[in-house]
There are 2 protein chains.
Amino acid sequence: MKKKPIVNCTEICQVRIQAINDAMSVLSGKWKFHILGTLIEGDKLGFMDLMREIEGIGTKMLSKELQDLEMNQLITRTVMNTKPVTVQYAITKHGKTLEPIIKELAKWGAAYRDSMTAS
Amino acid sequence: MKKKPIVNCTEICQVRIQAINDAMSVLSGKWKFHILGTLIEGDKLGFMDLMREIEGIGTKMLSKELQDLEMNQLITRTVMNTKPVTVQYAITKHGKTLEPIIKELAKWGAAYRDSMTAS
DNA sequence: TCAGGCAGTTTCCTAGAGGAACCTGGTTTC
DNA sequence: GAAACCAGGTTCCTCTAGGAAACTGCCTGA
């Protein structure tokens with residue numbers, strides 16, 4: 001009995017897969033959510049501010065991820081002409097659209113931890 | 001001028017970081033969202049059904065990710081005693097709590113794609 | 001002048017994520 | 001008996017994400 005061809009993926013399914021891939025390509029990596037979450041909370045942070053807030057991240061990763069996020073227009077980077085040059089990172093309007101996702105994710109993570117420690 | 005000690009991370013920040021780490025430890029990887037999304041949409045799917053729905057995944061990854069998800073109680077695996085043994089994967093009540101996140105993620109991904117192609 | 005802060009960059013290294021292909025073992029249809 | 005379908009497991013291989021540590025360059029206050 002011949003089975004339907006390999007490609008019987010429904011269209012809504014295809015669309016969802018592509019959408020999730022798009023989102024993940026921008027948000028992949030260990031640190032993006034943390035950086036975005038931090039910048040959503042406290043706007044205008046410097047490089048060292050972020051280092052202090054995001055426990056565990058190193059300078060290389062932070063700088064690389066910041067570049068990624070800037071390239072994708074989720075954050076902005078402005079160099080201030082102060083005496084020791086400082087830089088301000090801030091979330092963009094576009095980046096703010098991620099707030100619900102990050103909030104949900106954090107909420108779910110906390111609930112998950114509770115449910116695990118309970119059992 | 002001495003700066004405040006390294007650890008001046010606010011508490012809400014620490015909590016968020018831990019929550020996001022918890023969530024990511026369970027949801028990390030290229031395929032978990034796809035699998036969960038597919039199982040939320042159509043309940044009770046077999047191994048080959050999932051292969052067909054999730055374009056691009058291979059047997060190794062699918063089987064490994066399914067084990068992970070089952071271990072974390074997000075899906076169930078039931079072996080049916082049919083003539084050629086079939087298996088049914090389904091989402092759990094717990095797994096369903098991820099629905100808002102996955103929906104949001106897919107929504108965001110689609111919107112992101114639109115905004116990128118527009119510019 | 002020298003330690004320390006800011007903002008990174010560069011190099012080196014390794015574990016693990018993930019793909020391709022092949023194998024098993026049972027069953028049913030042609 | 002050959003071919004095909006289900007449900008995986010196994011092996012081999014590659015690539016890169018990510019950490020550690022060291023270095024740069026500028027500025028400032030003690």
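Chain A is the first sequence line, chain B the second, and so forth, proteins listed ahead of strands; every chain is numbered from 1.
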Query raised in the report: On DNA chain D, nearest-nucleotide positions of A:Lys30 versus B:Gly46: which is more 5'?
Result: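 Its nearest nucleotide lies further toward 5', so the answer is B:Gly46.
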**Report entry** Sub-4.5 Å side-chain heavy-atom contact between B:Tyr112 and A:Asn72
**Finding:**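 Result yes, sub-4.5 Å side-chain heavy-atom pair found.
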Nearest-0.5 Å distance, [atom1] of residue [X] to [atom2] of residue [Y]:
X: B:Lys103; Y: A:Ile20; atom1: NZ; atom2: CD1; value: 10.5 Å
X: A:Leu105; Y: B:Ile101; atom1: CG; atom2: CD1; value: 5.0 Å
X: B:Ser25; Y: A:Lys30; atom1: OG; atom2: NZ; value: 11.5 Å

**Report entry** Residues B:Glu104, B:Lys107: salt bridge by 4.0 Å N-O rule
**Finding:**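 Salt bridge: yes.
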Length of the line joining [X]:[atom1] and [N]:[atom2], which is rounded to integer Å:
X: B:Lys44; N: D:dC6; atom1: NZ; atom2: P; answer: 19 Å
X: A:Met51; N: C:dT9; atom1: CE; atom2: P; answer: 13 Å
X: B:Glu55; N: C:dG18; atom1: CD; atom2: P; answer: 18 Å
X: B:Met48; N: C:dT28; atom1: CE; atom2: P; answer: 18 Å
X: A:Met24; N: C:dA17; atom1: CE; atom2: C1'; answer: 12 Å
X: B:Asp49; N: D:dG8; atom1: CG; atom2: C1'; answer: 14 Å
X: A:Ile35; N: D:dG18; atom1: CD1; atom2: P; answer: 11 Å
X: B:Asn21; N: D:dG18; atom1: CG; atom2: P; answer: 12 Å

Among [options], the nucleotide that comes nearest once only the side chain of [X] is considered:
X: B:Met61; options: C:dG18, C:dG8, C:dA21; value: C:dG18
X: A:Glu65; options: C:dG8, C:dC6, D:dG18; value: D:dG18
X: A:Ser63; options: C:dT9, C:dA7, C:dG18; value: C:dT9
X: A:Arg77; options: D:dT28, C:dA21, C:dG8; value: C:dG8
X: B:Pro84; options: C:dT28, D:dG19, D:dC27; value: C:dT28

Reckon [X] touches a base, only the sugar-phosphate, or nothing at all at heavy-atom distances under 4.0 Å?
X: B:Thr86; value: sugar-phosphate
X: B:Lys60; value: base
X: A:Gln67; value: sugar-phosphate

Report task. Check whether any side-chain N or O of B:Tyr89 sits under 4.0 Å from OP1 or OP2 of D:dG8, and answer yes or no. Result ->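 So the side-chain polar atoms of B:Tyr89 do come within 4.0 Å of the phosphate oxygens OP1 or OP2 of D:dG8, strictly under.
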Query raised in the report: So, is B:Arg52 close to the D:dC6 phosphate, meaning a side-chain N or O under 4.0 Å from OP1 or OP2?
Result: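 For D:dC6, OP1/OP2 do have a side-chain N/O of B:Arg52 under 4.0 Å.
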